[in-house]
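Quick note: numbers below take in every heavy atom, side chains included, and nothing from hydrogens, waters or symmetry partners. Order of the sequence lines fixes the chain letters, A, B, ..., with proteins taken first and strands second; residue numbering starts at 1 for each chain.
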There are 2 protein chains.
Amino acid sequence: MTDAAPRARRSDATRAAILRAARERFAADGYDRATIRAIAADANIDPSMVMRYYGNKEGLFAAAAEFDLRLPELAGVPTGRLGEVLVRHFLDRWEGDETLAALLRAASTNPGAAERMRAIFADQLGAAVARFGTDPATTARRAGLVASQILGLAFTRYIVGLPPMVDAEPAELVAWVAPTLQRYLTGPVPGTP
Amino acid sequence: MTDAAPRARRSDATRAAILRAARERFAADGYDRATIRAIAADANIDPSMVMRYYGNKEGLFAAAAEFDLRLPELAGVPTGRLGEVLVRHFLDRWEGDETLAALLRAASTNPGAAERMRAIFADQLGAAVARFGTDPATTARRAGLVASQILGLAFTRYIVGLPPMVDAEPAELVAWVAPTLQRYLTGPVPGTP
DNA sequence: ACTGTATGCCAACAAGCGTTGACATCGACA
DNA sequence: TGTCGATGTCAACGCTTGTTGGCATACAGT
């Protein structure tokens, strides 16, 4: 009986509007340039409401950056197609939800955002990689390498806007990058002949 | 006869001190959080001097983010070792000069910094890749993919601080990542059997 | 020695920021 | 109907920011 019945409150719509506006602004401008006033204006409410519902700017960001990678169960994927499945999944996840972009932009300057990013890619991705049974001694490193290529892809395509990466069709990117992830995940540890 | 003799001016030391402090601050805090006041304090001068010598904050950043990748002449490298040479070079360049870190942090929120980043990786890296003679139709894409892996490596290691990437020895990173760059540079275009 | 210019510091400005508290209004429940 | 908490608006606060102009000092050329 810990929770009281979570009856729908009238302010839920406002809360959601704030969160949506916050994600948009954080994704477009980063943590510092995304001002509470601008977010409130986008959500058509008063800045003080943001404070009432989320405490302060850090609290708002923490709520807006809540994120689940929704990684598929890798144990069910044919071992040879792990890379392909992962790239495609990340591209989809990125285009459909700007939370990751917000996190990516903010992580450059905000320690809390960087911490969140570390948690997501160490815990969620690390766990998924561990679950299909590589050598436990190397899973962390393998997951880190996968993260480096995935985040580099996102950074060049969505943040910096490097032309050849922006123009590329998703299918092309999958074809190029999948073998990289595949090797990071299932390839032999280099230097061990 | 265009330039007058560039006699050493007494203020050159101050200019240099400002630039050094600016690079440090921009690298550590990003564009927005690196304040002119803090930079001036680090350089032991008055904030107004920064304005006199660099016009405004954007001008200061533009000067501080001047950067040459100093890519080696790839034409002289054995084709099979291109990836290895490139990763090693970038790791060295990164550890020894915080300008790239400053650029990386700032590019997330500052349009000018993103533009600079695009220029560096499109022009300098693009030119180097083009010079060892791949199919000209694919060089831009190949260079973009290399940039994505290199920047992802830097982002996870120096900005986000993902533990497995921070703990790794440079040699290990080279061993893991070199084959990736090698394939992006010299591998066949995927999907063409 | 005198003058003009380069170099530097100080004080202040206007604008924008996160944040706060007081007050109005609505809706449910007795 | 009267009461009380939830919801929302308004105005203001203290602070930091980039930027500016005025004034002192040091130096170089005559």
For [X] and [N], give me the distance from atom [atom1] to atom [atom2], rounded to whole Å.
{"X": "B:Y53", "N": "D:dT19", "atom1": "OH", "atom2": "P", "answer": "18 Å"}
{"X": "B:N44", "N": "C:dT7", "atom1": "CG", "atom2": "C1'", "answer": "16 Å"}
{"X": "A:I45", "N": "D:dC10", "atom1": "CD1", "atom2": "C1'", "answer": "14 Å"}
{"X": "B:D29", "N": "D:dT16", "atom1": "CG", "atom2": "C1'", "answer": "15 Å"}
{"X": "B:R25", "N": "D:dT17", "atom1": "CZ", "atom2": "P", "answer": "10 Å"}
{"X": "B:I18", "N": "C:dT7", "atom1": "CD1", "atom2": "C1'", "answer": "11 Å"}

Problem set entry | Spacing of A:F155 atom CZ and B:S108 atom OG [to the nearest 0.5 Å] | 4.5 Å
Problem set entry | Straight-line distance of A:E66 CD to A:I120 CD1, nearest 0.5 Å | 8.5 Å
For this session: Take A:E98 and A:R105 through the test salt bridge (Lys or Arg N to Asp or Glu O under 4.0 Å) and record every step on the way to the result.
Result: CA-CA 11 Å; A:E98 46 200 350; A:R105 272 228 161 75; over 6 Å; no
Exercise. Is there any salt bridge (Lys or Arg N to Asp or Glu O under 4.0 Å) pair reaching into residues 42-56 of chain A, and which pairs are they, with sequence neighbours excluded?
Worked result: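 The answer is A:R25-A:D42.
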Exercise. What one-letter contact string describes nucleotides 13-27 of chain C from 5' to 3', where B marks a base within less than 4.0 Å of any protein heavy atom, S marks contact via sugar-phosphate atoms alone, and - marks no contact?
Worked result: ----BBSBB------
Exercise. Is there a salt bridge (Lys or Arg N to Asp or Glu O under 4.0 Å) between A:R20 and A:E24 once you walk through the steps?
Worked result: CA-CA 6 Å; A:R20 193 170 347 116; A:E24 260 177 54; over 6 Å; no
For this session: Consider only side-chain heavy atoms of I, L, V, M, F, W and Y, link residues closer than 4.5 Å, and tell whether A:V174 and B:V189 are in one cluster.
Result: yes
